[in-house]
Amino acid sequence: MTHRLSFSNATVSWKFMIISLLFITWISPSIQEEKLPFKNLLNEPLRIKIYFSEPNQKRLLWITDIDYQPNTVEEKHLTIPVDEAILTGVASLVVEIEKCNNETFALTEEYLEDTRSPRFLLFEKEIPKLTRYEKRRFWKPKIEIKLVYDNKTYMDKPPKYYQYSRAKEGRQPYYRPPFLISDALLVKEDMIHLDESTTTLPLNLTFQTIDEAEYDHLYVTRATFQYYKDSGISGKDIDDLKQTFLKTPSYIRNSIYAISVLHVILDLLAFGSDIRFWWNRTDMEGISIRSLFWESFFQIIIFLFLVDNEASVFVSIPAFIWCILDVWKLTRALKWKVRFAYGVIPVVTYADMNSYEEETKEYDQTAVYYLSVVIFPVIFGYSVYSLIYHRHYGWYSWLLSSLAFVIYGSGFILMTPQLFINYKLKSVAHLPLNKFLYKALNTFIDDAFAFVIKMPVLCVDT
């Protein structure tokens, strides 16, 4: 019995040894292969071919041999004749770098533009337009080709953007550094508008070797802007971001980062302070209800003015939020009712709160009366002046810009009714002082932003 068990155990041991040897023999080339380092496949001189591609043909624009060394820069200035492929946006640039994959890049960009043209409303006739907005195509006159220079040997896998191949049949494993075609610094003002009168276009090509860190930055930047574009953000707003974060000197850009954070914090603090004040407010004593109406009306005018002038969404969205807040404050300060005239037509009415004392109401009416005596003549005078001496896109734009001028120019004057009530009551206990402080500080921050984010103008001069 014992002899049988020993024989069986020996058989199992021999089988196990055979299987182990086969397994080691099978994986040993892989182990040896993994230990071989990855080396750069590129060498110098490096041949580059650049083609102009159309749907049915491809023609060579530039062929050159580049020294694959750090900080290599070569430029080529070309003149491209305009054809149907360019005007319709199907033309592209194809870059072939020896031993690398090819890259294709669109040579045109499409923007949705306002077709209106400013005019003197009293003296010039309006040119009828089928639509206010139309798509216009622009040519990219400057293209940069960035190739990573890397002569390191990697024992492990190369960086994630690299293409690499493991060793086979005793061959050396290799990697190929990536390259990309970039137009990150191009905004619409740098591009050329395409129309039927355009016959030739400049094309400036720049080839440059860069390090891995710069490639990472360009790759993430390009992917981010493409994500914004796919998400429906307009080309104008993307250009504003480029202007702010890519075409601005580093010391200004770093200041913008700090200012942006501070601006958001102050805006949230002001917003929260105002909500807390009105959410808990049940007594309207000392509050200028008429100033609330003025503030809400003027905030809506400012928002409409920004929209009409196609201001950046980074400016328009905060203005819209404050519109909603100002309207909500009116619902807290007054009693609103809806009745139906003739049983069909809804009519909204409001009444003062019981806590809105007669003394406060009298002071409020007096202050608003004297303020109206000053404000309305100014609005009328500037509106007439602007109508005669400035160009406008239309009567609607003229009305908004006239009102916006007075609002921007007399923002603190509009607080006169509330200040008058405070003076008469000898108290400021009923005011959201924290909100006023945060908004005042944000005023200076908005002035700083105006240097880097384009703001709408009040009028178009002759």
Which heavy atom of [X] sits nearest a heavy atom of [Y], and at what distance?
| X | Y | answer |
| --- | --- | --- |
| Asp274 | Lys329 | OD2-NZ, 3.0 Å |
| Thr108 | Lys140 | O-CE, 3.8 Å |
| Lys242 | Ala184 | CD-O, 3.3 Å |
| Asp65 | Pro45 | CB-CB, 4.0 Å |
| Ile379 | Ser383 | O-OG, 2.6 Å |
| Leu180 | Arg222 | CB-NH1, 3.8 Å |

For the side chain of [X] and the backbone of [Y], is there at least one donor-acceptor N/O pair under 3.5 Å apart?
| X | Y | result |
| --- | --- | --- |
| Asp190 | Leu186 | no |
| Thr221 | His217 | yes |
| Asp267 | Ala270 | no |
| Thr331 | Trp328 | yes |
| Thr224 | Val220 | yes |
| Arg332 | Trp279 | yes |
| Arg47 | Glu96 | no |

Could you grab the distance from atom [atom1] of [X] to atom [atom2] of [Y], nearest 0.5 Å is fine?
| X | Y | atom1 | atom2 | result |
| --- | --- | --- | --- | --- |
| Ile66 | Ile48 | CD1 | CD1 | 4.5 Å |
| Glu84 | Ile86 | CD | CD1 | 10.5 Å |
| Ile97 | Glu103 | CD1 | CD | 8.5 Å |
| Glu74 | Thr209 | CD | OG1 | 10.5 Å |
| Leu185 | Lys142 | CG | NZ | 7.0 Å |
| Leu304 | Gln299 | CG | CD | 10.5 Å |

Task: Of Pro178, Pro177, Ser182, the residue whose pairing with Tyr215 passes side-chain contact (heavy atoms from CB on, under 4.5 Å) - done: Pro178
Between [X] and [Y], is any pair of side-chain heavy atoms under 4.5 Å apart?
| X | Y | answer |
| --- | --- | --- |
| Ser234 | Leu112 | no |
| Asp326 | Leu330 | no |
| Glu54 | Arg59 | yes |
| Thr104 | Val94 | yes |
| Ile210 | Leu218 | yes |
| Leu334 | Leu292 | no |
| Ile50 | Ile143 | no |
| Met191 | Trp139 | no |

Open item on the list: In terms of relative ring orientation, are Tyr382 and Phe405 parallel, tilted or perpendicular, with 30° and 60° separating the classes?
Closed with: parallel
- [ ] Please state whether the rings of Trp395 and Trp398 are parallel, tilted or perpendicular, taking 30° and 60° as the class boundaries.
- [x] perpendicular
Open item on the list: Set out, in order, the CA-CA distance, both residues' side-chain angles and the distance that settles side-chain contact (heavy atoms from CB on, under 4.5 Å) for Leu61 and Ile80, then state yes or no.
Closed with: CA-CA 9 Å; Leu61 292 180; Ile80 306 296; 3.9 Å; yes
- [ ] Determine, stepwise, if the pair Trp294 / Ser372 fulfils side-chain contact (heavy atoms from CB on, under 4.5 Å).
- [x] CA-CA 11 Å; Trp294 283 49; Ser372 302; 3.6 Å; yes
Open item on the list: Can you confirm whether Phe320 is buried at CZ, in the sense that more than 12 heavy atoms of other residues, nucleotides or ligands lie under 6.0 Å from that atom?
Closed with: no
Open item on the list: Take a 6.0 Å sphere around OH of Tyr219 and say whether it holds more than 12 heavy atoms from other residues, nucleotides or ligands.
Closed with: no
TODO: Let me know which of Phe207, Phe179, Tyr149 forms a ring pair (Phe, Tyr, Trp, His ring centres under 6.0 Å) with Tyr68.
DONE: Tyr149
- [ ] Begin with the C-alpha distance, continue with both residues' side-chain angles, and end with the deciding distance and a verdict on side-chain contact (heavy atoms from CB on, under 4.5 Å) for Glu144 and Gln208.
- [x] CA-CA 8 Å; Glu144 296 178 335; Gln208 182 180 6; 5.7 Å; no
Task: Donor-acceptor side-chain pairing of Asp239 and Tyr111 below 3.5 angstrom - done: yes
Open item on the list: For the residue pair Asp67 / Thr72, report whether a side-chain donor-acceptor contact shorter than 3.5 Å exists.
Closed with: no
Task: Glu113 and its salt bridge (Lys or Arg N to Asp or Glu O under 4.0 Å) partner, picked from Lys236, Lys188, Lys135 - done: Lys188
Open item on the list: Before you tell me yes or no, could you show the steps for Trp278 and Ile287 under side-chain contact (heavy atoms from CB on, under 4.5 Å), namely the whole-Å CA-CA distance, both residues' side-chain angles and the distance that decides it to 0.1 Å?
Closed with: CA-CA 11 Å; Trp278 286 98; Ile287 300 295; 3.7 Å; yes
